[in-house]
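Worksheet: the structure to be examined is printed underneath.
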Amino acid sequence: MIGSGEGTDRRALVAAGITVVLWASAFVSIRDAAEHYGPGALALGRLAAGAVALALILVLRREGLPPRAAWPGIAASGVLWFGVYMVALNWGEQKVDAGTAALVVNVGPILIALLSGWVLKEGFPPGLMAGMAVSFAGAIVVGISMSDGGSSSLLGVLLCLVAAATYAGGVVSQKPALRHASPLQATAFGCITGAVLCLPFTGQLIHDAASAPWSATANMIYLGIFPTALAFTTWAYALARTTAGRMGATTYAVPALVVLMSWLALGEVPGLLTLLGGALCLAGVAVSRRRGGAGRRGAPPSAVAAQDGVEPQKPEPKGTPGSR
C-alpha cells in the first residue's frame with residue numbers, strides 16, 4: 001500500500017510534471033507529422049505504437065486484466081479520450097490556427113472541474129476555481145497572440161470543442177476506474193480501446209506511411225511511446241492520488257511550455273504578449289495547486305484531506321488496490 005502524505009503528494013506532483021512536459025512536446029511533434037498523415041491515420045499510428053509499448057510493459061510486470069469494476073471507466077476513457085479526442089484534435093488543428101486551437105481546447109480543464117465537482121462529488125474549492133480563471137485568462141492571451149488573423153473555420157472550432165469535451169469526459173471516466181485498476185492497466189487498456197476504435201483508418205495509415213518522410217513517421221512513433229504510453233501512465237498515477245479538477249488545472253502549464261519548446265526547437269521567437277499569457281497560465285496552475293486557504297482552520301482531518309485532494313484513510317475491501 002502507498003500511504004497518503006507529503007511523500008505521496010510529491011511523487012504525484014513529479015508524475016504530473018512529466019505528463020505536462022511530454023504533452024507539451026507532442027504539439028511540436030504533431031506539427032511535423034500532421035503534414036504527412038491524415039487525422040485518423042496519425043491517431044491510429046500513435047495509439048498503435050503506444051499500445052505495443054504498454055502491452056510489453058504489462059507482460060514484463062506481469063499485470064493481467066483489470067478487475068471487472070474498472071472496465072466501464074477504462075472503456076469510456078478509451079473511446080472518448082484515446083479515440084475521439086485524438087482524431088478530433090488532429091483534424092481540428094488542420095482547420096484552425098494554433099491560437100484558436102489552444103484557446104478552444106483549453107476549455108477542457110474547466111469542463112473537468114465542473115464535471116468532477118458534480119459527477120465525482122469533488123466540490124468546487126475556491127482556490128481551484130480562482131487558479132483556473134487566471135490560467136484560462138492566460139490561455140486567451142496566448143491564443144490571441146498566436147492567432148493568424150482569421151483563418152479559423154466553423155468546422156475547426158467545432159472539432160476543437162469536441163476534443164475539449166471528450167478530453168474532459170475521458171478524465172472524469174478514468175478517475176473511478178483507478179480505484180480498482182493500476183495506472184498502467186487503466187492506461188494500457190484505454191489506449192488499446194482507442195486503437196481498436198481507430199482501426200477503420202488502417203488503409204489511410206498504410207497509404208500515408210508509404211509516402212511520408214522518415215522524420216514524420218519517427219514523430220508519430222515518438223507520440224505513441226512518450227506523450228501517450230509514458231505520459232498517460234504518469235497522468236493516471238497522479239490522478240489516482242489527487243482530484244480530477246486539480247489535475248485538469250495542472251494542464252494549463254502546457255501552453256506555456258509549448259511556447260518555450262517552439263522557441264528552442266523551431267526557432268519561433270515568442271512575442272511579449274505570448275510570454276505574458278504563458279506566465280499567467282503558470283501562475284494559475286500554482287494558485288490551483290496551493291495548499292491552505294480559507295476554511296481550513298479548525299476543520300477535521302477528513303475535511304482537510306478532501307480539500308487537498310487526498311482521500312482519508314479507511315479500511316479497504318479485500319482484493320482492492322492500495323490507497324490512492
Side-chain angles (χ1 to χ4, degrees), residues 16-54 81-102 104-106 108 139 142-143 146 156 159-160 163-164 166-167 170 187 190-191 194-195 198 201 204-235 250-270 274 278 281:
I18 292 172
T19 297
V20 167
V21 170
L22 290 177
W23 280 357
S25 75
F27 282 86
V28 178
S29 294
I30 287 173
R31 289 191 55 154
D32 177 66
E35 293 182 6
H36 306 281
Y37 285 93
L42 179 58
L44 175 58
R46 175 179 179 175
L47 289 167
V52 170
L54 289 164
W81 197 7
F82 288 87
V84 179
Y85 166 80
M86 290 193 181
V87 176
L89 181 61
N90 292 341
W91 192 3
E93 288 192 353
Q94 292 183 349
K95 300 292 184 181
V96 302
D97 57 79
T100 301
V104 176
V105 172
N106 270 305
V142 171
M146 295 174 64
L159 287 167
C160 288
T166 51
Y167 160 44
T187 303
C191 185
C198 291
F201 298 107
Q204 183 186 19
L205 176 60
I206 295 173
H207 175 270
D208 292 348
S211 57
W214 165 244
S215 62
T217 303
N219 272 318
M220 181 174 65
I221 295 172
Y222 168 83
L223 286 167
I225 295 176
F226 292 98
T228 303
L230 177 56
F232 274 77
T233 301
T234 52
W235 165 278
T250 301
T251 62
Y252 271 121
V254 170
L257 291 176
V258 170
V259 170
L260 177 60
M261 291 180 179
S262 297
W263 187 1
L264 297 176
L266 304 177
E268 297 178 347
V269 180
T274 304
C281 289

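Positions are given from 1 along the sequence.
For W91, the CH2 atom counts as loosely surrounded, since its 6.0 Å shell holds 12 or fewer non-hydrogen atoms of other residues, nucleotides or ligands.
Across A195 and L44, no two heavy atoms sit closer than the pair O-CD1, 3.7 Å. Minimum heavy-atom separation, N90 to P39: ND2-O, 3.2 Å. Residues L54 and C191 come closest through the heavy atom pair CD1-CB, 3.9 Å.
Relative orientation of the W81 and Y167 rings is tilted, given thresholds of 30° and 60° on the angle between their planes.
The distance from the CG atom of L159 to the CG atom of L89 is 9.5 Å, given to the nearest 0.5 Å. How far CZ of F201 is from CG of L47: 11.0 Å, rounded to the nearest 0.5 Å. The line from SG of C198 to CG of L42 is 10.0 Å long, rounded to the nearest 0.5 Å.
Between D208 and Q204 the shortest side-chain heavy-atom distance falls below 4.5 Å. M261 is listed as a side-chain neighbour of V21, based on a closest heavy-atom distance under 4.5 Å.
Considering only residues two or more places apart in sequence or on other chains, T166 meets the side-chain hydrogen bond (donor to acceptor under 3.5 Å, both in side chains) condition with none of them. Residues forming a side chain to side chain contact (heavy atoms under 4.5 Å, CB included) with V20 (at least two apart in sequence, or on another chain): T250, A253, V254, L257.
Residue pairs meeting the side-chain hydrogen bond (donor to acceptor under 3.5 Å, both in side chains) criterion with at least one partner in residues 33-43, sequence neighbours excluded, are Y37-T217.
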Show which side-chain atoms of residues 219-232 pair as donor or acceptor with protein atoms under 3.5 Å away, not counting sequence neighbours.
residue: N219; atom: OD1; partner: S29; partner atom: OG; Å: 3.3
residue: N219; atom: ND2; partner: D32; partner atom: OD2; Å: 2.9
residue: N219; atom: ND2; partner: S215; partner atom: O; Å: 3.3
residue: Y222; atom: OH; partner: S25; partner atom: OG; Å: 2.8
residue: T228; atom: OG1; partner: R46; partner atom: NE; Å: 2.6
residue: T228; atom: OG1; partner: R46; partner atom: NH2; Å: 3.4
residue: T228; atom: OG1; partner: L223; partner atom: O; Å: 2.7

